[in-house]
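Since the structure comes first, as structure tokens, the remarks are kept for the end.
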Amino acid sequence: MVFQTSPTGWFVELTKSHWSKSDKEPATIVEHLTVPAAELVHFQELVPAEPPKKSRFGR
């Protein structure tokens, strides 16, 4: 099951059922997780760096 808890978040329930050789009935494992997400609202393109200029004392 998946529940949306906010516009950018979810609560997830994972259920696994299996038989083992020693069990007389299936075993069930339930896990819960929260999945937060973020929305990119602003992106600024980086200006490429230029190599340093040679000084008169440089090689």
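From Met1, atom CE reaches atom CG of Leu14 across 10.5 Å, with rounding to the nearest 0.5 Å.
Listed here is the closest heavy atom pair of Gly9 and Ser6: N-OG, 3.0 Å. Between Val2 and Trp10, the closest heavy-atom pair is CG1-CD1, 3.9 Å. Residue Phe11 comes nearest to His32 through the heavy atom pair CZ-CD2, 3.3 Å, listed as atom of the first residue, atom of the second, then distance.
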**Report entry** Stepwise side-chain contact (heavy atoms from CB on, under 4.5 Å) check, Val12 with Val35
**Finding:** CA-CA 8 Å; Val12 181; Val35 181; 4.0 Å; yes

